Amino acid sequence: RQWVGIDQSPTACRVMGDRLERLGLQPNVDFMILDMPKTLVDLRRLPPGEFQNWAVLALDGRPNPHKSADFGIDGRIYVADLPKPRQMALDLFGQRDNWFPVQVKQQEHVGRQEIDMFETAMRRDKRIKGYFVAFSFTSGAITEIHRAGNDGLEIIPMTVDAILDYERQIAV
């Protein structure tokens with residue numbers, strides 16, 4: 001059958017595309033998803049919650065269902081191949097899984113203060129590696145990321161442009 005689905009949420013479209021692929025359908029052969037955000041301009045126009053979902057899903061993570069009061073963690077990247085410690089404490093949300101936190105800011109020039117707050121969230125949940133997504137980072141933010149590295153925390157700054165470049169490469 002021929003059919004058309006309509007949804008304005010890029011998150012919902014991406015989820016539906018993933019479900020269709022799991023059913024064995026091939027994108028751009030058996031189905032097409034049109035008008036997904038593909039440029040910096042498109043992504044700047046998204047509502048904040050949709051932007052967070054886009055960024056976390058682009059990193060193959062799971063968005064936090066709580067858009068406010070999320071304690072500084074907008075999503076999680078689950079890592080299946082990490083060995084689980086024998087006695088792993090519960091995190092803030094009662095989870096015992098191995099995961100990396102993701103913080104997303106829909107802004108340019110993320111600074112030292114935002115990185116410092118993410119460090120606090122990582123320490124609270126006993127995480128040593130995390131990802132921070134933004135349009136750009138200040139030199140103060142990069143300095144703070146290096147300082148955190150000296151304290152045993154690995155914060156990986158991801159620009160939206162780098163994520164878009166990666167998505168373009170895997171689409172080819």
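Heads up: numbering here begins at 1 and tracks the sequence. Being a predicted model, the structure only gives us computed values, none of them experimental.
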Working to the nearest 0.5 Å, report the span between [atom1] of [X] and [atom2] of [Y].
{"X": "Asp161", "Y": "Leu40", "atom1": "CG", "atom2": "CG", "value": "5.0 Å"}
{"X": "Phe132", "Y": "Phe137", "atom1": "CZ", "atom2": "CZ", "value": "6.0 Å"}
{"X": "Thr159", "Y": "Glu108", "atom1": "OG1", "atom2": "CD", "value": "10.0 Å"}
{"X": "Glu154", "Y": "Tyr131", "atom1": "CD", "atom2": "OH", "value": "7.0 Å"}
{"X": "Tyr166", "Y": "Met158", "atom1": "OH", "atom2": "CE", "value": "9.5 Å"}
{"X": "Glu119", "Y": "Ile155", "atom1": "CD", "atom2": "CD1", "value": "4.5 Å"}

Step through the shown structure and confirm whether more than 12 heavy atoms of other residues, nucleotides or ligands are within 6.0 Å of CG on Leu25. yes
Heavy-atom side-chain contact between [X] and [Y] under 4.5 Å:
{"X": "Ile156", "Y": "Lys129", "value": "yes"}
{"X": "Ile77", "Y": "Val102", "value": "yes"}
{"X": "Phe118", "Y": "Pro101", "value": "yes"}
{"X": "Pro27", "Y": "Glu21", "value": "yes"}
{"X": "Ile128", "Y": "Phe100", "value": "no"}

Please determine whether residues Ile142 and Met122 belong to a single hydrophobic cluster, defined as Ile, Leu, Val, Met, Phe, Trp and Tyr linked transitively by side-chain heavy-atom distances below 4.5 Å. yes
In this structure, would Leu57 and Leu59 fall into the same cluster of hydrophobic residues linked by side-chain contacts under 4.5 Å? no
Output, in order, the C-alpha distance, side-chain angles, deciding distance and verdict of side chain to side chain contact (heavy atoms under 4.5 Å, CB included) for Ile163 and Trp54. CA-CA 10 Å; Ile163 294 171; Trp54 172 86; 3.6 Å; yes
Main-chain N/O of Ile73 paired with Asn64 side-chain donor or acceptor, under 3.5 Å: yes
Is there a donor-acceptor pair under 3.5 Å between the side chain of Asp116 and the backbone N or O of Arg112? no
Closest non-hydrogen atom pair, Ile115 against Ile145: CG2-CG1, 3.8 Å
Please find the pair of heavy atoms, one from Leu153 and one from Arg127, that lie closest to each other, and give the distance. CD2-O, 3.3 Å
Is Arg44 positioned over the aromatic face of Phe135, cation under 6.0 angstrom from the ring centre and no more than 45 degrees off axis? yes
Please lay out, stage by stage, how Val104 and Val56 fare under the test side chain to side chain contact (heavy atoms under 4.5 Å, CB included). CA-CA 8 Å; Val104 179; Val56 173; 4.0 Å; yes
Only one of His109, Gln103, Gln107 passes side chain to side chain contact (heavy atoms under 4.5 Å, CB included) with Glu114; say which it is. Gln107
Check Arg147 with Asp151, please: is the shortest side-chain N to carboxylate O separation under 4.0 Å? yes
Between Leu164 and Val160, does a side chain to side chain contact (heavy atoms under 4.5 Å, CB included) hold up when you go through it step by step? CA-CA 6 Å; Leu164 285 172; Val160 173; 4.3 Å; yes
